[in-house]
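For clarity, every value in this text was computed on a predicted model and none was experimentally measured. Proteins get letters first, then strands, A, B, ... in listed order; numbering begins at 1 in each.
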Protein chains: 2
Amino acid sequence: MTFTQIHSQETIILGFHALSDSIRMEVLNLLRTRELCVCEIKEILNIPQSKLSFHLKTLRETGLVNTRQQGKWTYYSINLSQLVALEQYLSEFRRSIVLLPTRICEH
Amino acid sequence: MTFTQIHSQETIILGFHALSDSIRMEVLNLLRTRELCVCEIKEILNIPQSKLSFHLKTLRETGLVNTRQQGKWTYYSINLSQLVALEQYLSEFRRSIVLLPTRICEH
DNA sequence: TTTTCAAAACAAGAAAATTTGATTTGTACT
DNA sequence: AGTACAAATCAAATTTTCTTGTTTTGAAAA
């Protein structure tokens with residue numbers, strides 16, 4: 001790769017994987033304007049607690065969300081920097097593209 | 001969602017899924033500066049033809065690559081517009097984020 | 001029309017991700 | 001200590017994705 005790479009390719013790939021699920025996307029959408037605790041997300045999405053926990057773990061592990069524990073509750077919020085990292089990866093990748101004319105395979 | 005959505009959420013999710021695999025990413029990288037036919041990609045990546053075909057299908061179905069048939073060969077190239085669509089989705093999503101102070105769950 | 005080669009499609013098996021229900025952990029309250 | 005609730009963890013079942021080897025399709029050349 002010829003362009004800046006702060007995050008490893010593996011980190012980027014895991015990030016895109018985290019974004020490739022509708023439940024995880026819904027969670028990120030909910031967190032766009034405010035932090036929420038698990039029980040709130042669970043009630044809004046109306047899914048089992050362990051299922052949500054699984055997806056929250058994916059989002060946590062890929063750095064897309066932050067967590068904050070307060071008493072019994074755990075609050076989740078968006079981690080802007082990781083989102084920006086993925087955005088920049090795509091942006092740099094796209095800018096590195098050179099559209100060349102058709103060619104011939106030498107086989 | 002409060003912002004522009006040209007592509008359906010499902011299309012976006014499938015797009016991110018396509019980007020969440022190292023072989024598919026390597027293919028996209030190879031296509032950054034030129035189109036290549038399947039046999040060329042296969043030799044560069046050194047993977048079985050059917051395996052490559054599977055991943056190329058994913059890239060095709062999600063609109064990330066274009067194909068051009070010439071004689072016996074099929075040339076693959078990057079579809080810029082789909083890449084831009086994913087980039088814009090991330091960009092708009094990120095810009096829609098409002099970082100608010102901590103709050104309290106009303107449970 | 002037979003042969004050859006590129007590449008898609010297919011079917012079966014393997015691996016990975018997701019779902020489900022149950023259990024555990026941690027914190028606060030009595 | 002005992003109870004209650006939030007949320008993580010775990011194990012088993014299910015589903016989806018990926019891999020492998022084989023077969024089929026299509027285009028060109030003999």
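Looking only at atom types and distance, the side chain of A/Y76 has a donor-acceptor partner in the side chain of A/R60 under 3.5 Å away.
B/E61 is not listed as a side-chain neighbour of B/L14, based on a closest heavy-atom distance of 4.5 Å or more. Inter-residue side-chain proximity for B/L19 and B/M25 is flagged as met; some heavy-atom pair is nearer than 4.5 Å.
By the side-chain hydrogen bond (donor to acceptor under 3.5 Å, both in side chains) test, B/T67 pairs with no residue at all, sequence neighbours left out. A/T102 pairs by the side-chain hydrogen bond (donor to acceptor under 3.5 Å, both in side chains) definition with nothing, not counting sequence neighbours.
Remark: side-chain polar atoms of A/Y75 are paired, donor with acceptor, to backbone N or O of B/C105 under 3.5 angstrom. Side chain of A/E35 to main chain of A/C37: no donor-acceptor pair is present (N/O by atom type, distance under 3.5 Å, no hydrogens or angles). At distances below 3.5 Å, not a single donor-acceptor pair connects side-chain atoms of A/Q88 with backbone N or O atoms of A/L90.
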- Task: With side-chain contact (heavy atoms from CB on, under 4.5 Å) as the test, would you mind laying out the steps for B/F93 and A/N29 before giving the verdict?
- Result: CA-CA 8 Å; B/F93 183 88; A/N29 262 309; 3.5 Å; yes
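Chain B approaches DNA chain D over the interval D/dA6 to D/dA28, counting the first and last nucleotide 5' to 3' with an atom under 4.0 Å from its heavy atoms.
Across its full length, the helix from C/dT1-D/dA30 to C/dT30-D/dA1 shows an angle of 10° between the axes of its 5 terminal pairs at either end, rounded to 10 degrees.
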So which protein nitrogen or oxygen atoms get under 3.5 Å of nucleotides 8-15 of chain C's nitrogens or oxygens?
unit_1	atom_1	unit_2	atom_2	d
C/dA8	OP1	B/Y76	OH	2.6
C/dA8	OP2	B/S53	OG	3.1
C/dA8	N7	B/Q49	NE2	2.6
C/dA8	N6	B/Q49	OE1	2.9

Extract all donor-acceptor atom pairs below 3.5 Å that involve side chains of residues 43-58 of chain A and protein atoms in other chains or at least two apart in sequence.
unit_1	atom_1	unit_2	atom_2	d
A/E43	OE2	B/H107	NE2	3.1
A/H55	ND1	A/R24	NH1	3.1
A/T58	OG1	A/F54	O	3.4

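Comparing B/Q69 and B/H107 by the nucleotide of DNA chain D whose heavy atom lies nearest to each, the residue mapping closer to the 5' end is B/H107. For the pair A/T58 and B/C37, nearest-nucleotide mapping onto DNA chain C gives the more 5' position to B/C37.
B/R103 has a carboxylate O that lies under 4.0 Å from a charged side-chain N of A/E40, or vice versa, which qualifies the two as a salt bridge.
To the nearest angstrom, P of C/dC5 lies 17 Å from CD of B/E40. Rounded to whole Å, the distance from CG on B/L36 to C1' on C/dA6 is 15 Å. In this structure, A/I104 atom CD1 and C/dA6 atom P are separated by 15 Å, rounded to whole Å. Atom-to-atom, NE2 of A/H55 to C1' of C/dT19 comes out at 8 Å; the value is rounded to the nearest Å. As a whole-Å value, the separation of B/D21 CG from C/dA17 P is 11 Å.
Taking side-chain N and O atoms only, A/K72 has no distance below 4.0 Å to OP1 or OP2 of C/dA28.
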